[in-house]
Amino acid sequence: IEGGRLRAPDLARALDGPIKGSLLFWVRGNEVSRRPILRIEGDELVFDGTGLDLYDDRDGRVAAAGSLAQPLPARRYVAIAPGLAVANLAGGSAVSVGSNRPGLLLQAASNVVVRDLDFRNQSSERRQNGQGISIEARGKGSGALLIAGNRFGPALMRNRQGAIRITDVAGVRIENNAFAELVEGSGVRTGAGNRDLLIHNNQFRRIGRTALAIFGVTHGRIDGNVITDARGIHGNGLSLYLANRDVTVSNNAITGATRPMTFHGDTTAVAPGDHRFIIERNLFVGLDEGQAGLTSWGAATRGVTIRENVLAGPKFGLMLDATDRDVVVEGNVMNGYTVNKGATGENWRIGANPTLKWSDAKTFDQRRGCALLKLPAGASFGGG
């Protein structure tokens, strides 16, 4: 063996395929040494035996790993190198890897595509933030990620995390995915330090917490998503909180949510216009137990343009906060607005906003995912 040859007829036959894998030897120090198989000669496996420190006072141990010579059974996977696995998904079968752990963890990873997968039955315990997340991407150096065409749920997220969690990543596209039946959890949650984020054309249904919880994003666009049945006690459809900058929310339909969309600022911001939120051409229709279709929780949000939306809630279409600054509200169809904690804030412009009756907005059909809204005379939605 120390000369780099192991006579093992059964292993030789099993490993004689296009990928021959490695041999694992139990060596002194109670350690395992991995040696790639160089070639197979008859009944012998040839490898580099240099430096193997084998036990000479007890039976040895050797195992083969990483061979793809034999077809993998459905629902099975094989680890062929540290951090690399191959799975047989033929015939629509599923693969279960680990327990209470992330489905995919992308750490300081770039140029990665995650496409057309099902993430089902993820689960987590309370106060275990790393458990149960379907896809987590994080760390400096991460970027150019595409997450598209996947299906998330059902899942039980007792730690209140999201099916997707993104932190400190530059360049992420999340599009054409379906999220459903996420108990106590969110669809997408972002941490600090994200740049150039696009969340486009996704569907969210029956989400226990906030469907899209957006924190710490610079240059973001949330466009064309459909969110229904976000009825949790903290059941916002979409939230923009804390240190977000230059984020556009456009062409989304959020209905059946206690609060379709909420936002607030970052008290560390000092310059007027610092947040630069644009909220345009959206359909936000709340539930009877909520307040408004679009809600500001204040915290000195600086720079918000709200235009050409349909905003409807049981009390108001829009609720702003007196600490908001540099606010433009024009061209929206909504059932009125109110200001929390006082009167109109600093540097506001409230233009023409046709009035919509709450009773007319409630004709939205949640189950069929379509709307028949009775707009006031002369009103347009999104310029069309």
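Values reported hereafter were calculated over all heavy atoms of this structure, with side chains retained and with hydrogens, waters and symmetry mates removed.
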Side-chain ion pair, [X] and [Y], N-O less than 4.0 Å:
{"X": "D43", "Y": "R7", "result": "yes"}
{"X": "D326", "Y": "R302", "result": "no"}
{"X": "E330", "Y": "R349", "result": "yes"}
{"X": "D168", "Y": "R138", "result": "no"}

May I ask you to decide if [Y]'s main-chain N or O and [X]'s side chain share a donor-acceptor pair within less than 3.5 Å?
{"X": "S239", "Y": "A213", "answer": "no"}
{"X": "H275", "Y": "D266", "answer": "yes"}
{"X": "W348", "Y": "D324", "answer": "yes"}
{"X": "T190", "Y": "F215", "answer": "yes"}
{"X": "T301", "Y": "G265", "answer": "yes"}
{"X": "N309", "Y": "L283", "answer": "no"}
{"X": "N282", "Y": "E280", "answer": "yes"}
{"X": "N225", "Y": "I199", "answer": "yes"}
{"X": "N353", "Y": "G351", "answer": "yes"}
{"X": "N177", "Y": "N150", "answer": "yes"}

Which atoms form the tightest heavy-atom contact between [X] and [Y], and what is the distance?
{"X": "L320", "Y": "I306", "result": "CD2-CD1, 4.1 Å"}
{"X": "D321", "Y": "V339", "result": "C-CG1, 4.1 Å"}
{"X": "S250", "Y": "D223", "result": "OG-OD1, 2.6 Å"}
{"X": "G286", "Y": "W358", "result": "O-CH2, 3.2 Å"}
{"X": "S110", "Y": "G141", "result": "CB-O, 3.9 Å"}
{"X": "V27", "Y": "D53", "result": "CB-O, 3.4 Å"}

Considering residues, nucleotides and ligands other than R28, do more than 12 of their heavy atoms fall under 6.0 Å from its CZ?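 Above 12, so yes.
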More than 12 heavy atoms from other groups under 6.0 Å of CZ on R195: yes
Check for me, please, whether [X] and [Y] land in the same ILVMFWY cluster - side-chain distances under 4.5 Å, paths through other members count.
{"X": "F25", "Y": "I37", "value": "yes"}
{"X": "I1", "Y": "V46", "value": "no"}
{"X": "F277", "Y": "V327", "value": "yes"}
{"X": "I166", "Y": "L240", "value": "yes"}
{"X": "L117", "Y": "L106", "value": "yes"}

[atom1] of [X] to [atom2] of [Y]: how many Å apart, nearest 0.5 Å?
{"X": "M261", "Y": "S296", "atom1": "CE", "atom2": "OG", "result": "9.5 Å"}
{"X": "N332", "Y": "N335", "atom1": "CG", "atom2": "CG", "result": "11.5 Å"}
{"X": "N252", "Y": "I222", "atom1": "CG", "atom2": "CD1", "result": "7.0 Å"}
{"X": "E44", "Y": "R39", "atom1": "CD", "atom2": "CZ", "result": "10.0 Å"}
{"X": "E181", "Y": "L156", "atom1": "CD", "atom2": "CG", "result": "12.0 Å"}
{"X": "N244", "Y": "H264", "atom1": "CG", "atom2": "NE2", "result": "9.0 Å"}

Decide yes or no for [X] and [Y]: does some side-chain heavy atom of the first lie under 4.5 Å from some side-chain heavy atom of the second?
{"X": "S22", "Y": "R35", "result": "no"}
{"X": "T210", "Y": "L238", "result": "no"}
{"X": "R231", "Y": "R206", "result": "no"}
{"X": "V304", "Y": "F263", "result": "yes"}
{"X": "L318", "Y": "F284", "result": "no"}
{"X": "L356", "Y": "M334", "result": "no"}
{"X": "M319", "Y": "W297", "result": "yes"}
{"X": "V169", "Y": "L145", "result": "yes"}

Would you mind listing every ring pair (Phe, Tyr, Trp, His ring centres under 6.0 Å) that reaches into residues 179-214, with sequence neighbours excluded?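 Ring pair (Phe, Tyr, Trp, His ring centres under 6.0 Å) check on residues 179-214 returns F152-F179, F179-F204.
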Please write out which residues are connected to V113 in a hydrophobic cluster, directly or through intermediates, given that two of Ile, Leu, Val, Met, Phe, Trp, Tyr count as joined at side-chain heavy-atom separations below 4.5 angstrom. L146
Contacts of N30 that satisfy side chain to side chain contact (heavy atoms under 4.5 Å, CB included) - sequence neighbours left out: W26, Y55
Taking salt bridge (Lys or Arg N to Asp or Glu O under 4.0 Å) as the cut-off, I'd like each qualifying pair that reaches into residues 171-180, sequence neighbours left out, listed once. R173-E175
For residues 143-153, which residue pairs qualify under salt bridge (Lys or Arg N to Asp or Glu O under 4.0 Å), counting only residues two or more places apart or in two chains?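 For residues 143-153: D118-R151.
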Consider only side-chain N and O atoms of [X] and [Y], and report whether a donor and an acceptor are under 3.5 Å apart.
{"X": "R325", "Y": "T323", "result": "no"}
{"X": "T255", "Y": "T228", "result": "no"}
{"X": "R259", "Y": "Q291", "result": "no"}

With sequence neighbours left out, the residues meeting ring pair (Phe, Tyr, Trp, His ring centres under 6.0 Å) with Y337 are none
I would like to know whether I174 and L198 meet side-chain contact (heavy atoms from CB on, under 4.5 Å); could you show each step before the answer? CA-CA 6 Å; I174 301 172; L198 172 64; over 6 Å; no
Walk me through it: do V112 and V114 pass the test side-chain contact (heavy atoms from CB on, under 4.5 Å)? CA-CA 7 Å; V112 176; V114 182; 4.2 Å; yes
I'd like to know whether I164 forms a side-chain contact (heavy atoms from CB on, under 4.5 Å) with I147, so could you lay out the CA-CA distance, the side-chain angles of the two residues, the decisive distance to 0.1 Å, and finally the verdict. CA-CA 9 Å; I164 297 176; I147 302 172; 3.9 Å; yes
Check step by step if side-chain contact (heavy atoms from CB on, under 4.5 Å) holds for I135 and I133. CA-CA 6 Å; I135 301 175; I133 298 167; 5.6 Å; no
